[in-house]
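Below is one structure, written out as structure tokens; the observations come after it.
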Amino acid sequence: MAIVHTVAILALDHVVPFDLATPIEVFGRTRLPDGRSPYRVRVCGPAPEVETDAFALRVPYGVDALAEADTVIVPGRSERAGPPPPEALEALRDAASRGTRLASICVGAFTLAEAGLLDGLRATTHWAAAPMLAGRFPLVDVRPDVLYIDNGQVLTSAGAAAGLDLCLHMIRRDHGSAVAADAARLSVMPLEREGGQAQFIVHEHPPVPSGSELEPVLAWIEDNLGRDLTLREMAARGGMSERTFSRRFRQQTGTTPLQWLLRARVRRAQYLLENTGHGIERIAAQAGFGSPTAFRERFKRVVGTTPQAYRSSFHSSSRESPAAT
């Protein structure tokens, strides 16, 4: 008889319910070709009852159950959560020392980092929390632009949906693509999304330093993204030489004029893809890209997916349907 793999999910106060439910459902529903369940799922915590931001949960297993687990999954916790309980961190360290597989979903990476289990490793989390993770834990190599990272024993995933990708990836590691594909169909998820695919980061407008001498120039650039802007033209608008303009631009924005311009164009394209039905050629022209091909290449490099795939994910259904491209 095949050995059942025990998956322990660590539930701490202010756990994110979606992050907690994802591995419960994905591993709990997985079946082998003969119909058997290869996983035993246990929800564990330092107290018999855990508070979420909206309701309370009863937890049937204590943190000592992590000692019997083959995989431990750490869901994210809300901003209201305090530091993880010492006994939970110690249980995670003990599990790591035994070679137990550890995985985090979304900001659950912070709990692994608090336990010192991400030091020297590549890790990811939700893109909005990545700068905080990198700032608080400088020994962690934070990669904010991927869906998940598999270091072997320790795995981390990005936003909540990426937790599904990570769970399916672990099932594929354990039992092969056929079993993982069945689990994906039950979750109505594609199995094909790979961990290296960039998160759908909605890039904010590049920073405009308030009150700086460049502020009027940057506002002018934003208003003229559809034009073929050159460094000479931007520098002249600021009343500087190209060399002086480039130096001051980097000092005040932290990037080059060209990179700032390209990011502004990508953000304009994101807005148009989300809010209009314009075709790709028209959006490429409105955002200032020389051609649809150049637009697609730059957009995918920055956002991590194609313009059409981005539109499919984020276009408002209340607006006109996208034009054919």
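Side-chain contact between Phe289 and Val266 is present, with at least one heavy-atom pair separated by less than 4.5 Å. Residues Leu147 and Ser157 fail the side-chain proximity criterion, which asks for heavy atoms closer than 4.5 Å. Side-chain contact between Asp94 and Leu66: absent, with no pair of heavy atoms (C-beta onward) separated by less than 4.5 Å. Between Thr111 and Ser104 the shortest side-chain heavy-atom distance does not fall below 4.5 Å. Two residues are said to be in side-chain contact when any heavy atoms from C-beta on lie closer than 4.5 Å; Ile280 and Leu273 meet this criterion. Using a 4.5 Å heavy-atom threshold, the side chains of Met170 and Ile73 count as touching. Counting heavy atoms from C-beta on, the side chains of Leu10 and Val63 come closer than 4.5 Å. Counting only heavy atoms from C-beta outward, the side chains of Arg311 and Thr276 approach each other to under 4.5 Å.
In this structure, Leu262 is not a member of the same hydrophobic cluster as Leu225, with clusters built from ILVMFWY side-chain heavy atoms closer than 4.5 Å. Tracing side-chain contacts under 4.5 Å through hydrophobic residues (I, L, V, M, F, W, Y), one reaches Leu214 starting from Ile221; they form part of the same cluster. Both Ile105 and Ile24 are assigned to one and the same hydrophobic cluster, defined by single-linkage of ILVMFWY side chains at heavy-atom distances under 4.5 Å. No chain of hydrophobic side-chain contacts below 4.5 Å, direct or via other Ile, Leu, Val, Met, Phe, Trp or Tyr residues, connects Trp127 to Val142. Hydrophobic clustering of Ile, Leu, Val, Met, Phe, Trp and Tyr side chains at less than 4.5 Å, counting indirect connections, unites Leu32 with Val7.
How far OG1 of Thr256 is from CZ of Phe245: 10.0 Å, rounded to the nearest 0.5 Å. Taken from CD in Gln153 to CG in Leu102, the straight-line distance is 5.5 Å, to the nearest 0.5 Å. Put simply, CZ on Arg248 and OG on Ser241 are 8.5 Å apart, with the number rounded to the nearest 0.5 Å. To the nearest 0.5 Å, atom CD of residue Gln286 and atom NE2 of residue His278 are 5.5 Å apart. The CG atom of Asp174 sits 9.5 Å away from atom NE2 of His169, with the distance rounded to the nearest 0.5 Å. Put simply, CH2 on Trp220 and CG on Leu229 are 5.0 Å apart, with the number rounded to the nearest 0.5 Å.
Minimum interatomic distance between Arg77 and Val107 (heavy atoms only, all atoms of both residues): O-CG2, 3.5 Å. Considering every non-hydrogen atom in both Glu281 and Pro292, the closest pair reads CG-CG, 3.5 Å. Across every non-hydrogen atom of Arg173 and Gly152, the tightest pair is NH1-O, 3.1 Å. A pairwise comparison of heavy atoms in Arg40 and Val4 identifies N-CG1, 3.4 Å as the closest pair. What you find for His175 and Pro38 is that their closest heavy atoms are NE2-CB, 3.3 Å. Across all their heavy atoms, Thr305 and Phe299 have their closest contact at O-CD2, 3.4 Å.
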Handout entry: Pair Thr255-Arg263, side-chain contact (heavy atoms from CB on, under 4.5 Å): steps then yes or no
Key = CA-CA 11 Å; Thr255 189; Arg263 284 300 179 109; over 6 Å; no
One pair to check against side-chain contact (heavy atoms from CB on, under 4.5 Å): Thr30 and His5. What are the steps and the verdict?
CA-CA 12 Å; Thr30 300; His5 184 114; over 6 Å; no
Full working for side-chain contact (heavy atoms from CB on, under 4.5 Å) between His14 and Asp53: CA-CA 6 Å; His14 299 289; Asp53 286 357; 2.7 Å; yes
Given Phe137 and Leu112, is the side-chain contact (heavy atoms from CB on, under 4.5 Å) satisfied, shown in steps? CA-CA 11 Å; Phe137 304 100; Leu112 290 182; over 6 Å; no
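Atom CZ of Arg98 has more than 12 neighbouring heavy atoms from other residues, nucleotides or ligands inside a 6.0 Å radius. Within a 6.0 Å radius of CG in Asp223, other residues, nucleotides and ligands contribute more than 12 heavy atoms.
A perpendicular orientation is assigned to the rings of Phe27 and Tyr39, their planes being inclined by more than 60° (bins at 30° and 60°).
Hydrophobic cluster of Val16: the remaining members, joined at side-chain heavy-atom separations below 4.5 Å, are Phe18, listed by chain and number.
Using a cutoff of 4.0 Å between basic side-chain nitrogens and carboxylate oxygens, Arg143 and Asp145 are not scored as salt-bridged.
The stretch residues 123-133 participates, sequence neighbours left out, in no salt bridge (charged side-chain N to carboxylate O under 4.0 Å, His left out) pair at all. Applying the ring pair (Phe, Tyr, Trp, His ring centres under 6.0 Å) rule to pairs touching residues 55-92 yields nothing, sequence neighbours excluded. Sequence neighbours left out, the pairs with a member in residues 105-121 that pass salt bridge (charged side-chain N to carboxylate O under 4.0 Å, His left out) are Glu114-Arg136. Residue pairs meeting the salt bridge (charged side-chain N to carboxylate O under 4.0 Å, His left out) criterion with at least one partner in residues 229-239, sequence neighbours excluded, are Arg227-Glu233, Arg232-Glu242. Every pair passing side-chain hydrogen bond (donor to acceptor under 3.5 Å, both in side chains) that includes a residue from residues 41-52 is listed here, sequence neighbours excluded: Arg42-Glu68.
Contacts of Leu121 classified as side chain to side chain contact (heavy atoms under 4.5 Å, CB included), with partners at least two apart in sequence or in another chain: Asn151, Val154. Every side chain to side chain contact (heavy atoms under 4.5 Å, CB included) that Arg31 has, sequence neighbours left out, goes to Ser37. Every residue two or more places apart in sequence or in another chain that forms a side chain to side chain contact (heavy atoms under 4.5 Å, CB included) with Ala123 is listed here: Leu118, Val140, Thr156. With sequence neighbours left out, the side chain to side chain contact (heavy atoms under 4.5 Å, CB included) criterion links Asp64 to no other residue. Every residue two or more places apart in sequence or in another chain was checked for a ring pair (Phe, Tyr, Trp, His ring centres under 6.0 Å) with Phe110, and none qualifies.
The closest donor-acceptor contact from the side chain of Asp150 to the backbone of Leu155 lies at 3.5 Å or more, if one exists at all. No donor-acceptor pair closer than 3.5 Å links the side chain of Arg296 to the backbone N or O of Thr306. Looking at Arg268, its side chain does come within 3.5 Å of a backbone N or O of Glu222 through a donor-acceptor pair.
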Quick one: side chains of residues 80-93, donor-acceptor pairs under 3.5 Å with protein atoms, not counting sequence neighbours, listed by atom name and distance.
from	atom 1	to	atom 2	distance (Å)
Glu90	OE1	Arg93	NH1	3.2
Arg93	NE	Ala115	O	3.0

